Amino acid sequence: MKSARKLPASVTASAAALLLAGLTATACAPQTSGGTATADEKSGTLRVWLFQEVSNKPKEQVVQQAVAAFEKSHAGAKVEVEYIPVETRAQRVKAAFNDPKSAPDLIEYGNTDTAGYVKDGGLADISAEFAAWDEAEDTDPTARQSVTVGGRIYGAPLFVGVRALYYRTDVFRELGLTAPKSQAELVSTAKKIRKAKPELYGIAVGGAYTYGAMPFVWAAGGELATAKGGTYKAAVDSEAARKGISTYTSLFGDDNCPAAKCAQMGGNATVTAFASGKAGMAIGGDFSHAAVEAGTVKGRYAVVPLPGTTPGSIAPAFAGGNNIGVLKSTSHRSLAVDLLKSLTGKETQGKLFDAMGFLPTYTDVRTAAARRQPFVKPFIDTLGAGTRFVPASPGWGQIDASLVLPTMFQEVVSGRKDVATASGDAAKKMDAAFSAAG
């Protein structure tokens with residue numbers, strides 16, 4: 001049973017005299033020690049928080065099947081699933097960690113959040129259960145790394161994600177264009193589309209789309225940060241990084257994607273713009289496939305790897321993906337681990353690929369998926385060309401949650417700061433976060 005949220009300190013202090021009287025009202029709440037539940041109840045309701053997708057219905061249907069299978073094999077157990085916006089996950093999860101009695105039992109989380117969530121003490125160490133799970137031996141090593149901190153396992157990978165370039169085949173055919181083979185050609189192609197069809201964005205870009213922007217930085221030879229003395233030092237203000245920032249921010253303006261409309265856009269918004277027929281191109285993930293297929297551009301688009309700076313090269317993509325973890329505070333640890341296996345197992349991942357285009361984290365399931373659906377080839381090619389990840393520091397969670405990089409891009413595209421000033425200010429904020437994290 002979940003109790004009400006904790007009262008403010010001023011209230012709890014004045015209520016101390018009522019502690020004995022209140023024991024019967026709270027007896028059903030699990031006791032915790034350092035945020036870890038001491039009980040392991042074998043029945044009851046498990047609460048799960050999953051991310052809300054652009055097109056969420058297919059995901060819901062797959063999850064319902066996994067939940068039904070779990071409930072059938074676990075008498076007395078019920079599951080409640082809530083879909084939460086990705087953009088507000090930081091606040092929701094922080095509140096859950098701070099108030100274990102009202103927290104869910106499992107959460108979906110981005111792989112960039114792992115180190116921070118572990119430092120916060122929110123995720124349960126399931127190393128023993130993961131090692132004993134026969135399906136886990138086929139997990140992609142990179143995906144396994146995304147749930148590993150200090151050699152311990154804190155969840156199970158749900159999918160791996162990379163981004164590539166979606167483009168409108170009908171628009172390109174009409175204008176006599178070909179898929180761009182370099183970033184310079186990408187910029188010029190976007191502006192040609194906008195000039196010929198001012199009702200469209202040449203390429204939909206977003207000032208809040210960090211992982212759509214970073215390939216431009218990496219392709220230019222820049223980095224987010226570099227390891228230094230056991231911590232990290234920001235590198236977004238390097239000459240190479242600034243070159244990539246300049247290329248990306250050059251796509252904001254009336255000649256492609258007006259800053260007044262595009263500065264606040266994130267990844268979901270850019271994919272929605274493309275899927276609804278408002279853009280000639282967009283940077284989207286394999287996980288965006290279902291949303292695009294459900295849009296008005298169905299049957300009129302293709303995908304190629306996002307080009308790098310050299311013609312014919314592929315820009316390094318962010319090695320994204322999501323995981324599912326068991327919260328340390330759960331009073332249903334054994335049930336929660338079994339539910340995690342149902343939600344992240346091979347059968348569910350195969351279904352999520354078919355429904356959403358999410359690339360499986362199991363090498364054998366991914367190989368089979370690629371044979372069924374050729375659309376994944378550009379994404380697999382992108383994976384093969386080499387991917388990048390964020391700094392493995394708890395400080396990254398603070399950097400991400402406080403929107404340091406989106407603020408940097410938005411300052412540039414709005415004209416408030418030039419690239420050198422904005423990147424320098426962002427680097428100072430990043431260094432402060434890395435230093436605080438240790």
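Only a predicted model underlies this, so the values are computations on that prediction, with no experimental measurement involved.
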Step-by-step salt bridge (charged side-chain N to carboxylate O under 4.0 Å, His left out) determination, Asp364 to Lys346: CA-CA 9 Å; Asp364 55 337; Lys346 290 185 176 182; 2.8 Å; yes

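- For the pair Glu71 and Lys78, the minimum side-chain heavy-atom distance is below 4.5 Å.
- Atom CG of Asn323 and atom OH of Tyr154 lie 14.0 Å apart (nearest 0.5 Å).
- Put simply, the side chain of Thr249 gets close to the backbone of Ser246: a donor and an acceptor are under 3.5 Å apart.
- Counting heavy atoms from C-beta outward, Val376 and Asp286 have side chains that stay 4.5 Å or more apart.
- Electrostatic pairing of Asp40 and Arg333 does not count as a salt bridge here, judged by no charged N lying under 4.0 Å from a carboxylate O.
- Ring-centre distance between Phe353 and Phe375: below the 6.0 Å cut-off.
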Just list the side-chain donor-acceptor pairs under 3.5 Å for residues 115-123, sequence neighbours left out, or say none.
{"from": "Lys119", "atom 1": "NZ", "to": "Ala437", "atom 2": "O", "distance (Å)": "3.0"}

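- Atom CD of Glu135 is surrounded by more than 12 heavy atoms from other residues, nucleotides or ligands within 6.0 Å.
- Considering Ser313, Ser188, Pro311 in turn, Pro311 is the only one that fulfils the side-chain contact (heavy atoms from CB on, under 4.5 Å) rule with Ser182.
- Phe409 has its side chain out of reach of Leu403: every pair of non-hydrogen atoms, C-beta onward, lies at least 4.5 Å apart.
- Contact between Val205 and Met265 at its shortest, heavy atoms only, is O-CE, 4.0 Å.
- Using a 4.5 Å heavy-atom threshold, the side chains of Ser423 and Arg242 count as touching.
- Side-chain contact check for Lys42 versus Ser334: some heavy-atom pair is nearer than 4.5 Å.
- A distance of 11.5 Å separates CG of Leu352 from CD of Gln61, quoted to the nearest 0.5 Å.
- Heavy-atom neighbours of Gln373 CD from other residues, nucleotides or ligands within 6.0 Å: above the threshold of 12.
- Using the six-membered ring where Trp is involved, Tyr211 and Trp396 have ring planes that are tilted, between 30° and 60° apart.
- The aromatic rings of Tyr167 and Phe172 sit tilted, their planes meeting at an angle between 30° and 60°.
- A salt bridge is defined here as a Lys NZ or Arg NE, NH1 or NH2 lying under 4.0 Å from an Asp or Glu carboxylate O, and Asp381 with Lys377 meets this definition.
- A salt bridge links Arg89 to Asp113: at least one charged side-chain nitrogen sits closer than 4.0 Å to a carboxylate oxygen.
- Residues Val48 and Ile107 fail the side-chain proximity criterion, which asks for heavy atoms closer than 4.5 Å.
- In this structure, the side chains of Leu335 and His74 come closer than 4.5 Å at one or more pairs of heavy atoms.
- Taking the six-membered ring for Trp and thresholds of 30 and 60 degrees, Phe216 and Tyr248 have ring planes inclined between 30 and 60 degrees apart.
- Looking only at side-chain heavy atoms (C-beta outward), Gln264 and Gln410 come within less than 4.5 Å of each other.
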